[in-house]
Amino acid sequence: MTSSSTSRRSRYPGAVGRAIVYVLVILLLIVLVWAAYAFAGLRSRAQTDGTVRITGLIAPVRIVRDERDIPHIIAGNDRDLMFAQGYAEASDRLFQMDLLRRFVYGRLAEVLGPAAVPADENARVAPIAQIVQAQWAHMSANERILVQAYSDGVNAAMQREPLPVEFHLLLYKPQPWVPQDSLAAGMATVLDLIDRWDDVIRRDTVARAHDAPPVEALYSITDPAYDAPVAPRAIASLPPLPPRPPHERAGIVLPQVADRPPVGSNESALGSAHSSSGRALLANDPHLRLGIPGVWYLVDLRSNDLHVAGASLAGTPGIILGHNDDIAWGATNGTVVTEVVYRDSPRGAKRRVETFHVRFGRDVRFAYYQTKHGFVAETAHDVAYAVDWNAARLPASPLSAFHGLNSSRTIADAIRALQTYPGPPQNFVIADRSGAAAYQLAGLIPSDPLWGLRTHASGDPAYPYIPFRQLPHVAASKNSIVFTANNRMYGTGYPLRLSPNFAAPYRARRIAELLSSKPRLRVEDLASFQTDTLSFPERDIAHAALAAVMHKHLQDDRALQPYLAALSLWNGRFDPASRGAPIAWELRRIAVSSLAKYNTGSTLEAYQASANNADLVLLMRVLRERPRGWWPKNDYDDLLVGALKLAIETNGARMLQTWGEYGKVTVKHPLASMGFTFLDGAAFPGDGDSFGLHVQTATHSQSFRAVWDVGNWDAGGIVIPSGESGEPASGHYTDLSPAWVRQRLVPLPFSDSAVRASARATLTLTPR
């Protein structure tokens with residue numbers, strides 16, 4: 001009995017061991033197969049030369065790639081042109097396009113698993129799928145033909161070209177592209193640029209706090225010392241900050257909320273009277289998310305009826321920002337009211353249940369609600385915050401207006417096209433071959449008497465949209481100098497507020513200074529302005545801090561001396577070689593958060609998350625105006641000295657590095673957080689920050705830089721941070737980064753001769 005039991009025990013561990021070995025071998029084989037499959041994807045690249053016979057074309061189309069891999073697409077008709085654009089973009093950016101539509105639709109968890117469910121739930125708060133379907137129904141028959149052709153081209157590339165490496169890594173295949181997906185891809189930028197309903201609710205929370213200052217003071221419409229309106233130019237004054245009763249709160253604090261990304265842009269246009277070439281000039285650099293591949297896809301589109309070039313949003317047909325034969329246009333976000341939020345009762349609200357398919361997990365169901373005013377964004381304390389948003393009330397795709405811009409011949413044509421533009425509201429600058437330049441704010445802006453600073457009672461009415469003719473504008477003229485940088489664009493005499501708070505005016509003021517620095521400007525001048533790193537607010541805060549140290553007789557403090565020395569030599573620029581910039585950057589962050597904390601207390605997070613740099617404007621005004629009660633004992637020197645000391649205590653000698661090292665940024669791939677960091681892009685030295693013209697932060701930057709010499713299209717040019725292709729093996733994944741870092745403006749070939757001279761590969765798509 002004992003012998004038999006012992007024998008069984010001795011054999012059993014061997015069987016278990018063999019089973020474990022078998023399992024490990026199988027797992028190893030699976031990993032090896034997956035690695036080989038992923039490696040094959042990493043080495044694959046789309047075809048860019050030769051001939052491809054394909055179904056869906058009327059006539060042959062040529063896709064000529066230049067030395068930067070930018071496609072110049074030449075077709076006989078607009079339908080084939082859109083088909084080929086879809087084919088080229090999907091060949092280069094298919095994973096980006098698929099990820100974008102999944103993000104907008106709230107379908108990331110289907111491929112990324114349970115961790116993506118919260119993002120998906122948030123994405124479906126607004127009924128985007130229904131909105132996109134309604135946009136499609138409202139498009140003209142010709143527009144639907146063109147968007148359908150683009151979609152057909154995407155699907156042709158999906159079937160013909162190798163799948164990008166990300167599909168290999170995540171082990172899934174993309175579903176066919178449908179026309180509505182292109183409208184959804186456009187909605188990604190819409191959602192990024194609107195005044196978010198979450199922020200309206202946050203501002204309302206701050207406004208209702210019993211001990212907070214007046215909400216209009218916390219969210220200043222501008223900094224009056226740096227105001228730079230364009231229409232009209234006369235600067236309006238603001239009332240001084242009101243005194244506050246003294247109260248007890250914490251003093252100097254570390255930032256509790258991360259710097260909000262600078263969702264903005266710079267633009268300018270000059271009539272020919274101000275140009276050395278005798279032609280109008282136009283410059284634009286939008287500030288969007290920094291990643292690889294980049295937001296924009298550069299392309300040149302030509303048919304018998306159309307010739308247009310510039311930047312397209314991956315997944316959308318046509319050109320969003322750029323030029324055609326006759327006009328150029330640029331845009332910056334309007335930073336104005338985009339929706340009205342009501343405080344409704346959740347009782348009686350209509351219920352919508354959404355199902356989320358979750359990879360490696362069970363399906364999740366989530367209920368959403370809608371009241372008479374719109375979809376419910378949030379519920380709290382028996383209040384349903386319902387959103388009246390123009391995209392849901394009057395669904396129209398921005399692509400229709402951009403299609404009109406693509407085919408405009410004059411500024412007047414472009415203005416007519418912009419009358420149909422639904423939003424998000426944008427500041428457009430336009431220049432044409434006549435030498436004229438113009439400015440126009442466009443988009444549907446509700447005439448909300450609270451201007452997004454507060455939410456509305458349930459019984460308040462629906463508010464009409466401001467008529468297009470009443471929006472700020474500057475008429476076309478050869479003498480025009482127009483510019484915006486998300487700042488307040490109007491001055492004295494304009495009757496409407498338009499915004500809870502525009503972006504701080506510091507970039508706009510710097511543009512205005514530079515544009516007036518010479519009587520006549522060149523393309524090279526405008527290109528150099530885009531790389532300017534002077535920060536007005538951080539320069540002023542640094543000077544005030546140095547003065548505060550003197551007032552406190554701390555200039556001989558040995559712990560402060562190396563930092564004071566670096567700061568005293570700093571010229572206000574966030575150049576890579578600067579050694580004062582890191583100190584100024586940390587000083588600004590701590591001083592802004594400390595003042596905000598003292599005055600908003602428990603609503604600090606809501607305030608700073610919705611401030612759009614109003615917290616910085618508040619600090620700038622407090623330091624100049626010295627109002628009573630906004631800091632303990634009204635000792636604003638204490639605020640700055642305390643912020644400097646805490647910056648040193650927290651960061652130490654690291655702040656004595658150059659800004660190039662301290663502010664270094666790596667261009668991240670969307671899958672970097674999953675460990676696939678080998679897909680990341682280049683590392684950029686610190687060069688600019690949020691408040692100079694050359695915007696660059698850890699997450700956002702100039703997404704392209706363009707300058708156009710209107711009518712001489714082979715001059716000027718456009719550059720992007722990384723590369724045209726999303727395929728690492730293409731040779732064009734990060735090849736444009738060196739020129740970006742060196743701040744070179746590279747021409748975009750447009751004429752027949754320039755395209756021929758730059759051609760490096762030609763793919764001909766021919767009907768099957």
Side-chain angles (χ1 to χ4, degrees), residues 82-83 85-113 115-137 139 143-144 146-159 161 163-167 169-194 288-289 291-297 311-318 320 354-359 391-392 395 397-399 402 424 669-671 726-727:
M82 293 299 102
F83 182 101
Q85 184 185 0
Y87 191 96
E89 289 193 10
S91 296
D92 290 333
R93 302 283 190 92
L94 183 58
F95 179 73
Q96 180 185 27
M97 293 163 60
D98 187 61
L99 198 68
L100 197 61
R101 64 174 169 175
R102 287 185 177 279
F103 167 75
V104 172
Y105 285 138
R107 294 181 53 194
L108 290 171
E110 294 178 7
V111 296
L112 300 181
V117 169
D120 284 352
E121 289 179 350
N122 185 62
R124 296 196 205 181
V125 165
I128 298 296
Q130 297 174 23
I131 290 171
V132 163
Q133 190 60 45
Q135 289 179 349
W136 173 250
M139 295 183 86
E143 288 169 344
R144 284 200 296 269
L146 296 179
V147 179
Q148 179 67 62
Y150 178 93
S151 179
D152 293 342
V154 171
N155 288 323
M158 202 181 295
Q159 295 167 10
E161 302 296 345
L163 284 179
V165 62
E166 294 92 342
F167 293 105
L169 292 169
L170 298 177
L171 298 174
Y172 83 96
K173 292 185 177 181
Q175 296 174 341
W177 195 266
V178 297
Q180 292 85 343
D181 293 341
S182 289
L183 305 185
M187 287 294 291
T189 303
V190 170
L191 293 166
D192 212 21
L193 297 180
I194 60 173
L288 294 169
R289 193 170 301 279
I292 191 166
V295 173
W296 301 101
Y297 184 83
S312 168
L313 291 169
T316 62
I320 303 299
E354 296 273 355
T355 299
F356 300 83
H357 302 300
V358 182
R359 194 178 193 184
S397 171
L399 290 181
F402 285 114
H669 187 276
L671 300 185
E727 297 180 312

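Treat the numbers as computed from the prediction; the structure is a model and nothing was measured.
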Would a distance-only check, ignoring hydrogens and angles, find a side-chain to backbone donor-acceptor pair under 3.5 Å from Ser91 to Tyr87? yes
Minimal heavy-atom distance between His669 and Ile292, with the atoms involved, is CD2-O, 3.4 Å
Smallest heavy-atom separation, Pro424 atom then Leu193 atom, equals CG-CB, 3.8 Å
Subject >> Within-4.5 Å side-chain heavy-atom neighbours: Phe167 and Leu94 >> reply: yes
Between the CZ atom in Arg359 and the CG atom in Leu112, the distance rounded to the nearest 0.5 Å is 8.5 Å
For Arg102, the salt bridge (charged side-chain N to carboxylate O under 4.0 Å, His left out) test, sequence neighbours excluded, returns Asp98, Glu110
Contacts of Ser312 meeting side-chain hydrogen bond (donor to acceptor under 3.5 Å, both in side chains) (sequence neighbours excluded), chain-then-number -> Gln85, Glu89
Nearest heavy-atom contact between Met158 and Pro176 is SD-CA, 4.2 Å
The salt bridge (charged side-chain N to carboxylate O under 4.0 Å, His left out) partners of Glu143 (sequence neighbours excluded) come to none
d(Ile128 CD1, Gln180 CD) to nearest 0.5 Å is 14.0 Å
dist Leu183:CG -> Arg101:CZ (nearest 0.5 Å) comes out at 13.0 Å
Heavy-atom nearest pair, Leu163 first then Pro174, reads CD2-CD, 3.7 Å
Of all heavy-atom pairs linking Val147 and Pro179, the shortest is CG1-O, 3.7 Å
Q.
Whether the side chain of Asn122 engages the backbone of Ala119 through a donor-acceptor N/O pair (distance < 3.5 Å, no angle test) should be reported.
A. no
key: Polar contact flag, side-chain donor to acceptor under 3.5 angstrom, Gln148-Asp152   = yes
Query - Gly106 backbone acceptor or donor facing Arg124 side chain under 3.5 Å - result: yes
Would you say that Leu313 contacts Tyr297 through its side chain, given a criterion of any heavy-atom pair below 4.5 Å between the two side chains? no
So CG of Asp120 and NE2 of His357: to nearest 0.5 Å the spacing works out to 11.0 Å
Is there a donor-acceptor contact under 3.5 Å linking the side chains of Ser397 and Trp136?
no
Practice prompt. Start with the C-alpha gap between Leu100 and Gln96, add the side-chain angles, then the distance that decides, and say whether side-chain contact (heavy atoms from CB on, under 4.5 Å) holds.
Written response: CA-CA 6 Å; Leu100 197 61; Gln96 180 185 27; 5.5 Å; no
Backbone N or O of Ala123 within a donor-acceptor pair of the Tyr105 side chain at under 3.5 Å? no
Do Asp181 and Val132 make a side-chain contact, defined as non-hydrogen atoms from C-beta onward lying under 4.5 Å apart? no
Correct closest heavy-atom pair for Gly186 and Thr316 would be N-CG2, 3.7 Å
| field | Residues Gln175 and Arg107: side-chain donor-acceptor under 3.5 angstrom | value | yes
Do Leu99 and Glu166 touch side chain to side chain, with heavy atoms closer than 4.5 Å? no
In this structure, CG of Leu399 is separated from OH of Tyr150 (nearest 0.5 Å) by 10.0 Å
One should read off an interatomic distance between Ser182 OG and Met97 CE, to the nearest 0.5 angstrom, of 6.5 Å
inquiry  = With a 4.5 Å cut-off on side-chain heavy atoms, are Phe95 and Leu671 touching?
reply    = yes
Next item on the list: Compare all side-chain heavy atoms of Pro398 with those of Ile320 and state whether any distance is below 4.5 angstrom.
Entry: no
